[in-house]
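The block underneath contains the structure these notes are about, expressed in structure tokens.
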Amino acid sequence: MINFINEVLNAKIESQKYILSSKFPLYLKHAYSYTETVIIGCRCLCVTPAEFSLASYKKQSRLISELSGMPVILLMNSITPYQRKALIRDNIPFIIKDTQIFLPFLAVYLTEKYSKSAEPEKFSPVTQFVFLYIFYNQAKLTITELAEKTGYTPMSISRAYSSLVNCALFDYHTEGRKKYLIPNYKTDEILDQAEKYMINPVSKKYCYMKQNEYAGLLKSGLSALSEKSMLAINDNDICYAADNHYPLISDYIVLPEDIDPGNNICLEKWCYDPKLLSTGDCVDDISLILSLKNSEDERVQISLDELRSKYKW
């Protein structure tokens, strides 16, 4: 990191380990590593967090500056677009390795190319599920807690959390030993920000013979939309959703040339379990919208707009 500063500023940088005074509370001693640095004649304190939370750092950096009597510079190897924007907006000094230097107390703001490689193009199925679960429940859950509630592995949840942070939709927040996600946007704003990442949850559709076993499945597609709006449907529009583990019976699958209107249903295989997001006999609203958003039927789009308005989306 020092070499990067030297190269960009073309100035000799002096640095040494900073010895914390007894005034520093214990949690700050363990939260960061500290280096006392002289940059262009200005004595300052560089801090590298063990785990970075934007909300926590804003408060803690002010306290560190008061206790040390020096400007505090955040050192990071990478940063999300949202975090970068928030730090600049709040005039908080930072240096991102090989990328950016923002030192407002020295009137220095230099940037190299900004990599967006950490920002995923689309959600994975698990990431979308986690996003929707947190959105619906307004939940502050650790990785372990959410894994226990949903049946996903902690590793899968951890990857989903990282993806949501990389998208700048959420940030990590720590309370004691608990680490969870907090949204960077208000409830009525976050869906607009997330839509570009969200995927159609339907991985495959089958025309299926009508059977009694569907009692345990959720209504989806036009069947669900008719329950949530004024859309009128007929027997040909009956549709149910099942997760990818639902056992298909090959004898019940109807080929296109054998479709018998009124005696067949549409069975959708979903890339995440719709039951984990539903509170009734239909799939959840947002997943339903995503599954039908490309429909060319004007009646469907009007009904979807009604459903979107429920969330000011």
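Hydrogens, waters and symmetry mates play no part in the numbers below; they use all other heavy atoms, side chains included.
- Counting heavy-atom neighbours within 6.0 Å of Lys23 NZ, excluding the residue itself, gives a total of 12 or less.
- Ring orientation note: the planes of Phe24 and Tyr34 are nearly perpendicular, at an angle over 60° on the 30°/60° scale.
- At least one donor-acceptor pair closer than 3.5 Å links the side chain of Asp243 to the backbone N or O of Tyr246.
- Here the shortest heavy-atom pairing between Cys271 and Ser203 reads N-OG, 4.3 Å.
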Kindly indicate, with the supporting measurements, whether the criterion side-chain hydrogen bond (donor to acceptor under 3.5 Å, both in side chains) is fulfilled by Asp171 and Tyr82.
CA-CA 9 Å; Asp171 196 9; Tyr82 174 84; over 6 Å; no

Walk me through whether Tyr152 and Phe129 qualify under ring-ring contact (aromatic ring centres under 6.0 Å, His included).
CA-CA 10 Å; Tyr152 283 104; Phe129 168 80; 5.1 Å; yes

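- Counting heavy atoms of neighbouring residues, nucleotides and ligands inside a 6.0 Å radius, atom NZ of Lys312 does not exceed 12 of them.
- For the atom pair CG (Asp281) and CG (Leu218), the distance works out to 7.5 Å, reported to the nearest 0.5 Å.
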Using the side-chain contact (heavy atoms from CB on, under 4.5 Å) rule, take Tyr27 and Gln60 through it: C-alpha gap first, then chi angles, then the decisive distance, then the call.
CA-CA 10 Å; Tyr27 74 91; Gln60 293 169 0; 3.9 Å; yes

I'd like to know whether Phe105 forms a side-chain contact (heavy atoms from CB on, under 4.5 Å) with Ile73, so could you lay out the CA-CA distance, the side-chain angles of the two residues, the decisive distance to 0.1 Å, and finally the verdict.
CA-CA 10 Å; Phe105 58 91; Ile73 303 172; 3.8 Å; yes

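- Tyr180 and His173 have tilted rings, their planes meeting at an angle from 30° to 60° on a 0 to 90° scale.
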From CA spacing to verdict: side-chain contact (heavy atoms from CB on, under 4.5 Å), Tyr240, Glu268
CA-CA 6 Å; Tyr240 292 95; Glu268 296 178 341; over 6 Å; no

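- Between the side chains of Tyr272 and Ser287, a donor-acceptor pair is found at a separation under 3.5 Å.
- Checked against Leu304 for a side chain to side chain contact (heavy atoms under 4.5 Å, CB included), the options Leu231, Leu225, Asp297 give a single hit: Leu225.
- Between Leu290 and Trp313, the shortest heavy-atom contact is CD2-CH2, 4.4 Å.
- Ion pairing between a basic and an acidic side chain is recognised when a charged N comes within 4.0 Å of a carboxylate O; Lys140 and Glu175 show no such pairing.
- Of all heavy-atom pairs between Asp192 and Asp188, the closest is OD2-O, 4.3 Å.
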Go through Ser226 and Asp237 one step at a time and tell me if the side-chain contact (heavy atoms from CB on, under 4.5 Å) criterion holds.
CA-CA 10 Å; Ser226 69; Asp237 297 322; over 6 Å; no

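- Side-chain contact between Phe52 and Val165 is absent, with no heavy atoms from C-beta onward closer than 4.5 Å.
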